[in-house]
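Have a look at the structure below, then the notes.
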Amino acid sequence: PETITVQELANRMAERGTDVIKALMRMGVMATINQPIDADTAELVVSEFGHNMRRVAESDVEFSIRREADAPEATQPRPPVVTIMGHVDHGKTSLLDALRKTDVAAREAGGITQHIGAYQVNLPSGQKITFLDTPGHEAFTSMRARGANVTDLVVLVVAADDGIMAQTVEAITHAKAAKVPIIVAVNKIDKPGANPQRVHQELLQHELVVEDLGGDVLCVNVSAKEGTNLDKLEEAILLQAEILDLKANADRQAEGAIVEAKVERGRGSVATVLIQRGTLKVGDVFVAGAEWGRVRALLDDKGNQIEEAGPSAPVEVLGLNGTPQAGDEFIVVDNENQARDIAEYRQAKLRQQTAATSGRGTLEQMFTQL
Ligand code: GTP
Ligand code: MG
């Protein structure tokens, strides 16, 4: 892609280099004077300074302030993040409930109530698996459309008496588009009409060849109702996770994605965040989409107050100044000024997009909002 250094861009606009660096910072881009930046970013800087507005209005650049990747030696293994998908009534919710009950802590406490739209199962081996409780592949797709690839693998639930149905095929398509590996859970094997072998055969038509048929797709026959083979399903998930070599650096400012967010009476805006790297701590200042805040309290998936949360942990965050959207990026920044600047910039950009799509207002009006 085309690039231009910060210095050159400043020269062309007859602006000071330090002012350009400041403008970039407001957009969440940290750059030095000699650093090349891409054309889309440059266009936005240009618009910030009031030059050449026409081209910018046509560009549609999504800003991410995610930082560089970690050096491999700074990373440690992290738990897999799993989304369960499948046709209506094939047992997604039942399976999530049954898996939740395999949590060692839950067993000790004699059952737990889920507080947030994601939970983590602690296995007897000490390993963990994070499950996202998405209501279906709409959530999966809309989160992906917003740039949040939070799922490491998909468990595809297929009822053994029903076989592959329309939404099973859709789920396969979505998982493949996201390049996320699929593990098949053939559910309801306790039912009289259950025929797992038929499901294995049907999967062939969708290029999913299970191990029994000589392929490499992990497949487990389960009953969510009777709790059959849940340990085998968890083993398969961990095996697939090992193949994926999932790692993250826990020792840095947290980054993650909003799983869900809403306003709750007496608590303000509350978000469920999936931490993807780093460790989130009480008191941290963050940006979440076009909103920002300071962590007032953190709660785990069992509703316990915690001080910090590391990679792959789902956590409820209090202390937002507004309500972000599912799929929005969550990132800890250095201070409130930076957080406010980035959030304001993004809000202005959202207003600009809204104005553009609704066809109201002139270009000049749009940019005075910046
Ligand atoms: P939607 O959220 O509506 O798409 O359904 P779902 O996929 O979450 O299915 P759900 O878990 O609600 O289960 C649908 C029905 O199947 C319920 O009546 C469950 O009790 C039943 N069911 C789920 N798993 C099993 C199972 O392993 N065996 C039997 N016999 N019934 C099951
Ligand atoms: Mg359900």
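Both counts, for ligands and for their atoms, begin at 1 and track the order of listing. Below, all heavy atoms of this structure are taken into account, side chains as well, without hydrogens, waters or symmetry copies.
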Just to be sure I read this right, does ligand 1 sit under 4.0 Å from the backbone of Asp89, its side chain, both, or neither, counting only heavy atoms? both
One residue to check: Thr93. Relative to ligand 1, which of side chain, backbone, both or neither has a non-hydrogen atom less than 4.0 Å away? both
What atoms of ligand 1 come within less than 4.0 Å of a heavy atom belonging to Ser223? 27 (O)
Side chains of Leu213 and Leu204, heavy atoms from C-beta outward: is any pair under 4.5 Å? yes
Considering only heavy atoms of Lys191, which atoms of ligand 1 have at least one such atom less than 4.0 Å away? 30 (N)
Has ligand 1 got any nitrogen or oxygen that is less than 3.5 angstrom from a nitrogen or oxygen of Ile189? no
Just which atoms of ligand 1 are under 4.0 Å from any heavy atom in His87? 7 (O)
Ligand 1-proximal atoms of Lys225, by part, heavy-atom distance under 4.0 Å: both
Which residues satisfy the side chain to side chain donor-acceptor pair (under 3.5 Å) test with Thr323, sequence neighbours excluded? Ser269
Who are the side chain to side chain donor-acceptor pair (under 3.5 Å) partners of Glu226, not counting sequence neighbours? none
Indicate whether the side chain of Thr5 and that of Gln7 have a donor and an acceptor atom separated by less than 3.5 Å. no
Please find the pair of heavy atoms, one from Arg78 and one from Gln276, that lie closest to each other, and give the distance. CD-O, 4.4 Å
Without hydrogens or angle criteria, can the side chains of Asp97 and Ser94 be said to hold a donor-acceptor pair below 3.5 Å? no
Can you name the atoms of ligand 1, numbered from 1 with element, that are less than 4.0 Å from a heavy atom of Ser94? 10 (P), 11 (O), 13 (O), 19 (C), 23 (C), 24 (N)
